[in-house]
Amino acid sequence: MWEKWKTKLKELLASLKDGQSSTYIKRGKLASLVIYNIVIIGFVFLLIIGSFAFGAGSGYFASLIKDESPPSKKEMSDALTNYSETSEIYFANNVPLGKLRSNLERDEVKLENVSPHLVHALISTEDEYFYKHDGVVPKAVLRALYQDVSNSATRTGGSTLTQQLIKNQMLTNEVSFTRKANEILLALRVENYFSKEEILEAYLNVAYFGRNSAGNNIAGVQTAAQGLFGRNAKDLTLEQAAFIAGLPQSPSRYTPFTQAGQLKEDLSPGVERMKTVLFRMKRAGYINKQEYEQAVNYDITKDFKTSSSSVVEKYPWLNFEVEKRVRKILAEQLANQAGVSTEKLYGDKALLQQYTEQADLNMRQHGYRIHTTIHKDIYDAMENVTKNFNGFNNYVKVNTGSVMIDNKTGAIISFVGGRDYESSQYNYATSVETPNGSTMKPLLVYAPAIQSGLISANSMVNNSAFTWGNWSPKNAGKNYTAPVTVRKALTYSYNIPAARVYKMNKGNNPTSYLEKMGFTSLQKNDYVNPSLALGAMEQGVTVEENVNAYTTFANKGQFKDAYLIDKIETRDGKVIYQHETKPTTVFSTNTSSQMISMMRDVVQKGTAARVRNYLQFSSDLAGKTGTTQNENDLWFVASNPNVTFGTWVGRLNNPQSSAKPGDHLRLWAQYMNAAYRVEPSLIAPSERFQP
């Protein structure tokens with residue numbers, strides 16, 4: 001073809017030289033002919049170059065993806081829906097508590113539960129050809145490629161919603177032609193395997209939307225709708241939908257909330273972005289001119305939520321206690337699934353750390369529904385008592401911890417972790433171990449001795465001074481009397497009779513009863529230390545363990561280990577953990593009945609008698625007080641037929657401060673009064689302990 005055009009051109013020039021100008025008299029004809037031939041030649045040249053470029057580009061594209069094996073439909077489905085979802089915590093009776101701490105909050109939502117306004121806003125803003133393309137818009141890709149190569153200041157973007165979904169879920173953040181080539185290939189494959197609705201639903205759950213009113217990072221339109229406007233995604237107004245749809249382009253710039261959960265001073269970037277989205281919705285035909293003008297003039301800032309507190313801020317002790325227990329449960333499950341025994345797990349620090357870290361990750365990202373045993377209203381009422389108790393006014397350094405347990409199940413109904421989380425983050429109910437003073441006597445001394453057949457409630461015990469090795473126990477106030485009954489010795493908390501009974505029964509391994517009742521902190525020296533009978537421990541015991549042990553008497557000798565996590569479900573409702581109460585027989589019914597009878601006297605006329613004056617109700621109570629040296633620790637634990645409740649008030653490494661004797665009884669009573677106002681039948685049952 002090129003040779004033919006060359007011949008024609010030579011003939012034309014020759015004819016002009018030979019004087020054959022008459023054939024082409026008009027110069028316009030000559031110019032037209034020349035231009036025509038030049039255009040034809042240029043077109044062919046460009047066609048050749050284009051073909052070469054296309055071939056080279058295709059070859060280059062093929063070279064970029066030659067090592068990639070195409071994923072199956074199932075693999076792609078798993079990848080696209082494999083996004084983390086925030087786990088949620090519930091009080092007892094399915095009462096929502098809030099979301100578990102996470103680096104990114106996300107709640108899954110189905111497409112049918114998303115407002116059409118939001119769908120239209122996202123499509124018109126992020127991918128106007130979404131329903132027409134097959135995953136990629138070629139001219140958009142070429143435009144973006146040119147802008148990238150030429151380092152253009154204008155960036156229009158070339159990614160469809162499908163490509164954005166692929167980029168977020170299946171590829172790394174690497175910036176390279178290879179990653180882009182894989183993105184295009186996978187986008188085409190996704191469009192071939194999945195419907196537009198499936199792709200859109202996945203994108204709606206994946207996209208990042210900045211921060212919510214608590215300052216937490218959020219992803220997914222449901223989380224954005226709740227976090228910004230306090231409503232579900234299906235209930236969003238046109239203006240709210242447009243605002244959310246504008247966020248993915250630059251979430252940190254357009255989000256209305258700071259990291260602290262405060263509204264930004266300047267909200268104009270997000271508002272202007274919302275107006276851009278509305279314009280594009282009008283241009284795409286999703287809204288008419290009147291709807292656009294009304295929406296663009298709407299003050300969206302009045303719709304934003306006020307700053308809200310996270311679960312950690314509202315319930316710090318409870319949140320961290322839930323995390324600790326769930327992490328332990330999941331770690332044991334993971335180890336068990338891998339064939340690792342519990343003994344091996346806790347005997348290997350590296351192994352324990354490995355499974356604990358994986359458990360923590362699963363706990364935060366798998367969207368679990370964690371159900372606790374905590375009664376919200378009782379918990380809140382007790383928190384209020386702690387905040388307003390005037391007995392702490394003169395004792396800044398004094399702290400407290402309390403636990404209430406359901407006798408029949410072992411469920412922890414409520415607890416008080418401390419006075420003020422800001423000043424001390426220790427959980428004085430479940431984690432801090434302190435000596436339990438005379439509350440040890442029923443558990444270690446009298447009940448085991450009755451169980452061994454050495455004594456009964458009416459046995460006589462010498463109350464005169466004696467020495468046991470290097471130890472000479474003394475009664476508080478030096479109340480040395482004639483022999484007393486075991487009942488009286490417990491009622492008035494005499495130390496010497498308790499020490500004598502413990503010595504009598506030492507050969508029967510009384511500490512084994514503590515182990516059966518859940519004591520986990522006994523040290524080697526505690527087993528040989530005679531003053532353990534009076535609660536002098538090397539390390540101590542938590543309030544939870546001490547109170548839990550006392551439920552044994554209320555349960556007729558059956559110990560039921562306390563628990564706070566009732567069950568854990570997946571987001572689909574599958575139960576992956578359900579607590580099972582497994583009773584352990586510790587004492588006979590006769591032993592427990594005698595102990596309840598003796599501890600009833602403690603409340604009626606003994607060391608806890610004043611507590612009756614503080615109560616606003618009447619109930620069959622059996623309990624025991626406890627005081628350690630220098631009154632560092634003040635205890636009171638008591639049971640009714642329904643619950644066992646114990647309070648500790650004390651100081652830790654602070655000898656200059658102490659609580660007033662008796663304040664702990666008043667505090668215990670105020671907690672019980674508060675719980676009674678919430679659940680009177682639970683706190684003041686009409687039935688009594690049966691002998």
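Computed from a prediction, not measured in an experiment: that's the story for all the values here.
- The two residues Phe617 and Ala684 make their nearest non-hydrogen contact at CD1-CB, 3.6 Å.
- Contact check for Phe415 versus Met404: no side-chain heavy atoms found under the 4.5 Å cut-off.
- No side-chain donor-acceptor contact under 3.5 Å links Ser597 to the backbone of Ser593.
- Shortest non-hydrogen contact noted between Ala489 and Tyr446 is CB-OH, 3.7 Å.
- Taking CG of Leu522 as the start and CD of Glu545 as the end, the distance is 9.0 Å to the nearest 0.5 Å.
- By the 4.0 Å N-to-carboxylate-O rule, Arg325 lies close enough to Glu544 to be salt-bridged with it.
- Put simply, the side chain of Ile568 does not reach to within 4.5 Å of the side chain of Arg369, judged on heavy atoms.
- Comment: Lys99 does not engage Glu105 in a salt bridge, judged by the lack of any side-chain N to carboxylate O separation of less than 4.0 angstrom.
- In this structure, the side chains of Thr373 and Ile413 stay at 4.5 Å or more apart for every pair of heavy atoms.
- The closest side-chain heavy-atom distance from Leu615 to Leu621 is below 4.5 Å.
- Here the OG1 atom belonging to Thr585 is positioned 3.5 Å from the CD atom belonging to Gln558, to the nearest 0.5 angstrom.
- A side-chain donor-acceptor contact under 3.5 Å links Ser464 and Asn462.
- The closest side-chain heavy-atom distance from Leu667 to Val649 is below 4.5 Å.
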- Go through the steps to decide whether Met382 and Val678 satisfy the test side chain to side chain contact (heavy atoms under 4.5 Å, CB included), and finish with yes or no. CA-CA 10 Å; Met382 287 187 172; Val678 175; over 6 Å; no
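- With 3.5 Å as the limit, one finds no donor-acceptor pair spanning the side chains of Glu332 and Asn336.
- Defined by atom type and a distance below 3.5 Å, a donor-acceptor pair is present between the side-chain atoms of Lys324 and Ser431.
- Counting heavy atoms from C-beta outward, Leu97 and Lys314 have side chains that stay 4.5 Å or more apart.
- For Ser592 (side chain) and Ser588 (main-chain N/O), a donor-acceptor pair under 3.5 Å exists by modelled atom type.
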- Item | Pair Arg688-Ser619, side-chain hydrogen bond (donor to acceptor under 3.5 Å, both in side chains): steps then yes or no | CA-CA 8 Å; Arg688 294 173 59 84; Ser619 179; over 6 Å; no
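- Asn546 places no side-chain N or O within donor-acceptor distance of the main-chain N or O of Thr542, the cut-off being under 3.5 Å.
- With a 6.0 Å cutoff to the six-membered ring centre and a 45° limit on the axis angle, Arg500 counts as a cation-pi contact of Phe466.
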- Message: Please determine whether side-chain hydrogen bond (donor to acceptor under 3.5 Å, both in side chains) holds for the pair Tyr315 and Asp380, giving the CA-CA distance in whole Å, both sets of side-chain angles, and the decisive distance to 0.1 Å.
- Response: CA-CA 9 Å; Tyr315 298 98; Asp380 289 342; 2.9 Å; yes
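- Side chain to side chain, Tyr428 and Thr434 fail the donor-acceptor criterion of an N or O pair below 3.5 Å.
- A donor-acceptor contact closer than 3.5 angstrom links the side chains of Ser493 and Lys441.
- Looking only at side-chain heavy atoms (C-beta outward), Phe636 and Val611 come within less than 4.5 Å of each other.
- Gln354 and Gln358 share no donor-acceptor pair across their side chains, judged by distance under 3.5 Å alone.
- Relative orientation of the Phe645 and Tyr671 rings is perpendicular, given thresholds of 30° and 60° on the angle between their planes.
- Defined by atom type and a distance below 3.5 Å, a donor-acceptor pair is present between the side-chain atoms of Thr430 and Asn427.
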- Query: Given the rule in the side chain to side chain contact (heavy atoms under 4.5 Å, CB included) test, do Val643 and Leu682 qualify, once you have shown the distances and angles that lead to the verdict?
  - Reply: CA-CA 7 Å; Val643 301; Leu682 179 72; 3.8 Å; yes
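- Note that CG of Leu318 and CZ of Phe320 are 11.0 Å apart. Values are rounded to the nearest 0.5 Å.
- Taking the six-membered ring for Trp and thresholds of 30 and 60 degrees, Trp471 and Trp468 have ring planes inclined between 30 and 60 degrees apart.
- A centroid separation of 6.0 Å or more is found between the aromatic rings of Phe559 and Phe587.
- Summarising the geometry, atom CH2 belonging to Trp317 is positioned 8.0 Å from atom OH belonging to Tyr421; distances are rounded to the nearest 0.5 Å.
- Side-chain contact, Asp566 with Tyr577: no donor N or O sits under 3.5 Å from an acceptor N or O.
- Summarising the geometry of Asn642 relative to Pro685, their closest heavy-atom pair is ND2-CB, 3.4 Å, with the distance given to 0.1 Å.
- When all heavy atoms of Met598 and Val486 are compared, the closest pair comes out as SD-CG1, 3.7 Å.
- Within a 6.0 Å sphere centred on CD of Glu313, heavy atoms belonging to other residues, nucleotides or ligands number more than 12.
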- Stepwise, does the side chain to side chain contact (heavy atoms under 4.5 Å, CB included) test hold for Tyr676 with Met672? CA-CA 6 Å; Tyr676 170 74; Met672 289 293 278; over 6 Å; no
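- Side-chain polar atoms of Ser472 and Thr467 form a donor-acceptor pair below 3.5 angstrom.
- Formation of a donor-acceptor pair under 3.5 Å by the Asn399 side chain with backbone atoms of Arg419 is found in this model.
- Here Asp561 does not pair with Lys582 in a salt bridge; the nearest charged N to carboxylate O distance is not below 4.0 Å.
- Both tests pass for Lys516 against the ring of Tyr513: distance under 6.0 Å to the centre and angle within 45° of the axis.
- The heavy-atom pair separating Ala674 from Val385 by the smallest distance is CB-CG2, 3.7 Å.
- Side chains of Thr86 and Arg364: a donor-acceptor N/O pair is absent below 3.5 angstrom, by distance only.
- Of the residues Thr627, Thr647, Asn436, the one that meets the side-chain contact (heavy atoms from CB on, under 4.5 Å) test with Trp635 is Asn436.
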- Residues Thr485, Val461; criterion side chain to side chain contact (heavy atoms under 4.5 Å, CB included); working and verdict: CA-CA 6 Å; Thr485 62; Val461 184; over 6 Å; no
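- One distance of note links CD1 of Ile370 with OH of Tyr90; it measures 10.0 Å at 0.5 Å rounding.
- Side-chain atoms of Asn384 and Asn388 include a donor-acceptor pair closer than 3.5 Å.
- Side chain to side chain, Lys560 and Asn407 fail the donor-acceptor criterion of an N or O pair below 3.5 Å.
- Using a 4.5 Å heavy-atom cutoff, the side chains of Tyr550 and Lys624 are in contact.
- If you check the side chains of Asn362 and Arg327, you find no donor sitting under 3.5 Å from an acceptor.
- Rounding to the nearest 0.5 Å gives a distance of 11.0 Å between CG of Leu634 and OG1 of Thr439.
- A donor atom on one side chain and an acceptor atom on the other are not found under 3.5 Å apart for Ser456 and Gln594.
- Side-chain atoms of Gln523 come within 3.5 Å of backbone atoms of Ser521 as a donor-acceptor pair (strictly under, hydrogens ignored).
- The neighbour count for Gln616 CD, taken as heavy atoms of other residues, nucleotides or ligands under 6.0 Å away, is above 12.
- With no hydrogens or angles considered, a side-chain donor-acceptor pair links Thr591 and Gln451 at under 3.5 Å.
- Using modelled atom types, one finds no donor on one side chain facing an acceptor on the other under 3.5 Å when comparing Asp526 with Asn529.
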